[in-house]
Undergrad: 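Next up is a structure, given as structure tokens.
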Amino acid sequence: MSQHPLLDGLNDKQQQAVSNDDSHLLVLAGAGSGKTRVLVHRIAWLIQQRQFSPYSILAVTFTNKAAAEMRGRVERLLGSNVRSMWIGTFHGLAHRLLRAHYMDVGLPQNFQIIDSDDQQRLIKRLIKSLNLDDKRWPAKQSQWYINGKKDEGLRPQHIDTYDPTEQTLKQIYQLYQESCDRAGLVDFAELLLRAHELLRDNRTVREHYQRRFRHLLVDEFQDTNSIQYAWVRLLAGEQNSVTIVGDDDQSIYGWRGARVENIQQFLDDFAGAKTIRLEQNYRSTAAILNAANAVIANNSDRLGKELWTDGDDGEPIALYAAFNEMEEARYIVSQIMAWQEQGNAYQDAAILYRSNAQSRVLEEALLHQRIPYRIYGGLRFFERQEIKDALAYLRLLANRDDDAAIERVINTPSRGIGNRTMDMIRQTARDRQLSLWDAANLMVSEAMLSGRAKNAVASFIELATRLDDHTIDFSLGRIADEMIKQSGLLAMYEAEKGEKAETRVENLKELVSACENFNLDDTEQEQMTPLAAFLAHAALEAGEEQADEYQDAVQLMTLHSAKGLEFPLVFMAGVEEGLFPSQQSMDEPGRLAEERRLCYVGMTRAMQKLVLTYAEQRRIYGQEHFHTVSRFVREMPADSVYEVRAQATPTKTESYGRFHHSVSHETFEQTGFSLGQRVRHQKFGEGTVLNYEGSGPQSRIQINFDNVGSKWLVVAYARLEPAGF
DNA sequence: TATACCTGGATTTTT
DNA sequence: TCCAGGTATA
């Protein structure tokens, strides 16, 4: 069967996908079906077997991590570097195009990328400058509107509306765009839109790239938005072949503009496209796959796919009903402890949840038992306040017209330029169509400011100019070092006390060494100055999340960020109506279907064991909520799920529905204990009251002890005492 | 200009 | 409930 080494060890479908000839190709790759492997082998196949130069291949991913991994794996497979191959994120590649053709798209050579935080601040200021009530026009909403329009490929002039609300939004969009253009600023959506316009409107450029890229490969295609898809179509032209890999069942980013429909659209637009389904799963047990298949089967409009494995059934899925979120957390932690005692590593266990707010209780429970853990999705390096301050100074050096950067640092650290002064500068800038930098200069030289303010602004201008002199012949690391010292940023954070301030000082120093170690060659942006390249790198790759405190740690993350990962043991916490599916998505069928896909994604992360937990009572934003188990759990086949704990069966709660919530807070008249309460036993340690029966001196109480499991005890003899968390 | 208080908002995330 | 961001106050 193995005609070629690159096909070795691949199943039939995978081989077909790897060795597919020139026709367009859709690979519908189910979870755990070896998708990345196929993509990597296909690229290697094109180069090695079909003799395409790496130069003629373009591969697109959604994250830098995926791009780096893919390049690494292709190189390892081929045993040679493929530097001339373009591989990167949509944004990274668009950026590359814009740098190479900045003149054609009307951008200054030193244009800067702003992240969504910068974007929001900028919009907020513009709303103020339009004298709009910022309560009625929240910056967030306008930002959402602007990015949405850009993702659809629409400029303000394309928007025709009689809706007064939208007219105002359009006006904000218009002003925002003018401000960005004047300052040489490009947001994330703008990268894509402008690169698209470049290819669409400039025939020479378009044909150049169409001639170059004979093979386009797009990963995670279900996550593409309109403009990204339009981009792919333009580059594909008439003669190049396109391979897209994706899974409609794992489309979980519709809320940020991703269009699953693009997959179907691809089949319509690219004649003769072949579809190959990868349905054999190499990750999970049959029990998990059967349940996942059953859940996702409730969605309509699927392209259709059913995962299977030739491996074992494995353990059934466990379902645990907790009284509240604290007890849920304790149960999960007790299970992790048991699992670790059986010789497993903490890092092989993951706790997944729908919303970040859920992590807190879980953390407390882990902390309580001294179990190391790691939370994904915190602030990343280049997003930290002190780093953004420093980057703003660097941006100012690269581009004096960068208004967003000036706004951020002109009074950081404070040098006596308050709101009044700033308002005057902003006003001047607006009146005379100048950047803030030029306006500030003008006001100083024309004595338009009072003595104290004038001196303050002049000293800032002097600082920036002095720093700028250094950029001429200093290395990047030296520039950064001078910058944090001379600007007073370092001193400012050094003067603050507390652990937080210490970390900030460390981070600033870390930034300097990042600048020192920054290797221009790695960026493939040779035509840029080191400073500009570094800034682009900082904007496009927000960097690592906080450093791991422990090597071997339990992994905590949202269901969304778990996509693409796998763990032997997976807990899905909070599988409750109202939380998962979330309340907001319950009314709209489309959004509910997306929640279901999220459930499918979560379940298919588990390799050996999947545990679902929910809390009948949960505190959300300070309010108690009563929830029933998620509909998704009810969609799983009964024989693949087993309930870990039988429900307590109190007598007087029938009217409260299936899950008898009302009893949770009631104290048993005779015992003085209540369901869900924490108690301590001399011998067994701490545990949670699960159930009780009988009355008077004979009454017995069931307790789930953290360390020894569940036991029935006679209340009269057990000598239980209440315990805290 | 720094600090104390108050208000409102609160899935999900990458670039 | 908790956080950030804005406003009021010294």
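So that the names make sense, note that chain A is the first sequence line, chain B the second, and so on, each numbered from 1. Everything quoted here is computed from the prediction, not taken from an experiment. Computed over heavy atoms, backbone and side chain alike; hydrogens, waters and symmetry mates excluded.
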Undergrad: Could you tell me the separation between the NZ atom of A:Lys140 and the C1' atom of B:dG9, rounded to a whole number of Å?
TA: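 Going from A:Lys140 (NZ) to B:dG9 (C1'), I get 9 Å.
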Undergrad: Just compare C:dT1, B:dT15, B:dT13 and give me whichever is closest to any side-chain atom of A:His560.
TA: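 That would be B:dT13.
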Undergrad: Between A:Arg504 and A:Asp389, is there a side-chain N and carboxylate O pair less than 4.0 Å apart?
TA: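 Result for this pair is no, no salt bridge flagged.
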Undergrad: Return the 5'-most residue of the pair A:Glu541, A:Ile417 with respect to DNA chain B, ranking by each residue's nearest nucleotide.
TA: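 The residue whose closest nucleotide sits nearer the 5' end is A:Ile417.
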Undergrad: Below the 4.0 Å mark, does B:dT14 have OP1 or OP2 next to a side-chain nitrogen or oxygen of A:Asn225?
TA: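 A:Asn225 to B:dT14 OP1/OP2: no side-chain N or O under 4.0 Å.
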Undergrad: Of the candidate nucleotides C:dC2, B:dT11, B:dT12, which contains the atom at the shortest distance from the side chain of A:Arg360?
TA: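 Closest nucleotide to the A:Arg360 side chain: C:dC2.
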Undergrad: For A:Asp223, check side chain to side chain donor-acceptor pair (under 3.5 Å) against everything at least two apart and list the hits.
TA: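 If we apply the side chain to side chain donor-acceptor pair (under 3.5 Å) test to A:Asp223, skipping adjacent residues, the hits are A:Lys563.
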Undergrad: Taking only the side-chain heavy atoms of A:Glu383 (C-beta and beyond), determine which of B:dT15, B:dT11, B:dT13 contains the nearest atom.
TA: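 My answer, after comparing the listed nucleotides, is B:dT15.
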Undergrad: With distance as the sole test, does A:Glu576 use its side chain to make a donor-acceptor pair with the main-chain N or O of A:Ala615 at under 3.5 Å?
TA: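 It does hold such a pair.
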Undergrad: Describe the nucleic acid contact of A:Ser116 in one word from base, sugar-phosphate, nothing, applying a heavy-atom distance below 4.0 Å.
TA: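 Touches a base.
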Undergrad: Measure CD/A:Glu325 against P/C:dC2 and give the value in whole Å, please.
TA: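 These atoms are roughly 12 Å apart.
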Undergrad: Rounded to the nearest angstrom, tell me the gap between atom CZ in A:Arg136 and atom C1' in B:dG9.
TA: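 For the pair A:Arg136 CZ and B:dG9 C1', the rounded distance is 19 Å.
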Undergrad: Do the ring planes of A:Phe188 and A:His91 sit parallel (below 30°), tilted (30 to 60°) or perpendicular (above 60°)?
TA: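 The rings of A:Phe188 and A:His91 stand perpendicular, inter-plane angle above 60°.
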Undergrad: Within a reach of under 6.0 Å around CZ of A:Arg452, are more than 12 heavy atoms found that belong to other residues, nucleotides or ligands?
TA: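 Incorrect, the count does not exceed 12.
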Undergrad: Classify A:Thr558 by what it touches in the nucleic acid, base, sugar-phosphate, or nothing, heavy-atom distance under 4.0 Å.
TA: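 Result for A:Thr558 = sugar-phosphate.
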Undergrad: Under 4.0 Å between any heavy atoms, over every strand shown, what does A:Glu595 touch: base, sugar-phosphate, or nothing? Just pick one.
TA: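 If one applies the 4.0 Å heavy-atom cut-off, A:Glu595 turns out to touch a base.
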Undergrad: Taking 4.0 Å as the cut-off, does a side-chain nitrogen or oxygen of A:Arg256 come that near to OP1 or OP2 on B:dT11?
TA: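 For B:dT11, OP1/OP2 do not have a side-chain N/O of A:Arg256 under 4.0 Å.
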Undergrad: Let me know which of A:Asn324, A:Leu579, A:Val361 forms a side chain to side chain contact (heavy atoms under 4.5 Å, CB included) with A:Arg618.
TA: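 Looking at A:Asn324, A:Leu579, A:Val361, the match for A:Arg618 under the side chain to side chain contact (heavy atoms under 4.5 Å, CB included) is A:Leu579.
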Undergrad: Roughly, in whole Å, what's the span from CZ in A:Arg96 to C1' in B:dT15?
TA: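 From A:Arg96 CZ to B:dT15 C1': 17 Å.
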Undergrad: Rounded to whole angstrom units, what separation is found between the CE atom of A:Met492 and the P atom of B:dA2?
TA: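 It works out to 11 Å between those atoms.
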Undergrad: Atom CD1 of A:Ile620 and atom P of B:dT11: how far apart are they, to the nearest Å?
TA: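 Nearest whole value for this atom pair: 10 Å.
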Undergrad: Does a side-chain N or O of A:Asn64 approach OP1 or OP2 of B:dT14 to a distance below 4.0 Å, or not?
TA: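 No.
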Undergrad: Whole Å only: how far is the CD1 atom of A:Ile113 from the P atom of B:dT14?
TA: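 Rounded to whole Å, this separation is 17 Å.
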Undergrad: How close or far is atom C1' of B:dA2 from atom CG of A:Asn411, stated in whole angstroms?
TA: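 My rounded result for the distance is 12 Å.
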Undergrad: Mark up nucleotides 4-10 of chain C, 5' to 3', with B wherever a protein heavy atom is under 4.0 angstrom from a base atom, S wherever such an atom reaches only the sugar-phosphate, and - elsewhere.
TA: -SS----
Undergrad: According to a cutoff of under 5.5 Å between the ring centres and under 30° between the ring planes, does A:Phe188 stack with the base of B:dT14?
TA: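 Not stacked: fails the 5.5 Å / 30° test.
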Undergrad: May I ask you to check whether over 12 heavy atoms, not counting those of A:Asp117, lie within 6.0 Å of atom CG?
TA: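 Yes, the 6.0 Å shell around CG holds more than 12 heavy atoms from other groups.
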Undergrad: Syn if the chi torsion is within 90° of 0, anti otherwise; quick check, which is B:dT12?
TA: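 What B:dT12 shows is an anti base, its glycosidic angle lying more than 90° from 0.
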Undergrad: Any ion pair linking A:Asp187 and A:Lys150 (charged N to carboxylate O, less than 4.0 Å)?
TA: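 Salt bridge between A:Lys150 and A:Asp187, a charged N being under 4.0 Å from a carboxylate O: yes.
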Undergrad: Take A:Ser414 and A:Thr89, find for each the nucleotide of DNA chain B with the closest heavy atom, and name the residue whose nucleotide sits nearer the 5' end.
TA: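 Nearest-nucleotide comparison on DNA chain B picks A:Ser414.
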Undergrad: Any side-chain N or O of A:Tyr621 less than 4.0 Å from the OP1 or OP2 oxygen of B:dT11?
TA: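 The answer is yes; a side-chain N or O of A:Tyr621 sits under 4.0 Å from OP1 or OP2.
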Undergrad: Can you tell me which nucleotide in B:dT15, B:dT13, B:dT11 comes closest to the side chain of A:Arg380?
TA: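 Looking only at side-chain atoms, A:Arg380 lies closest to B:dT15.
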Undergrad: Report yes or no: is the cationic atom of A:Arg155 (NZ for Lys, CZ for Arg) under 6.0 Å from the centre of the six-membered ring of A:Tyr173, at an angle within 45° of the ring normal?
TA: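 No; the conditions do not both hold, so A:Arg155 does not lie above the ring face of A:Tyr173.
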Undergrad: For A:Tyr253, report the nucleic acid contact type (base, sugar-phosphate, nothing); a contact means any heavy atom under 4.0 Å.
TA: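 The answer is sugar-phosphate, as A:Tyr253 gets under 4.0 Å only of primed atoms, P, OP1 or OP2.
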Undergrad: For A:Asn356, answer base if it contacts any base atom (sugar-phosphate contacts may also be present), sugar-phosphate if it contacts only those atoms, and nothing otherwise; contact means non-hydrogen atoms under 4.0 Å.
TA: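 Here A:Asn356 touches the backbone only, sparing every base.
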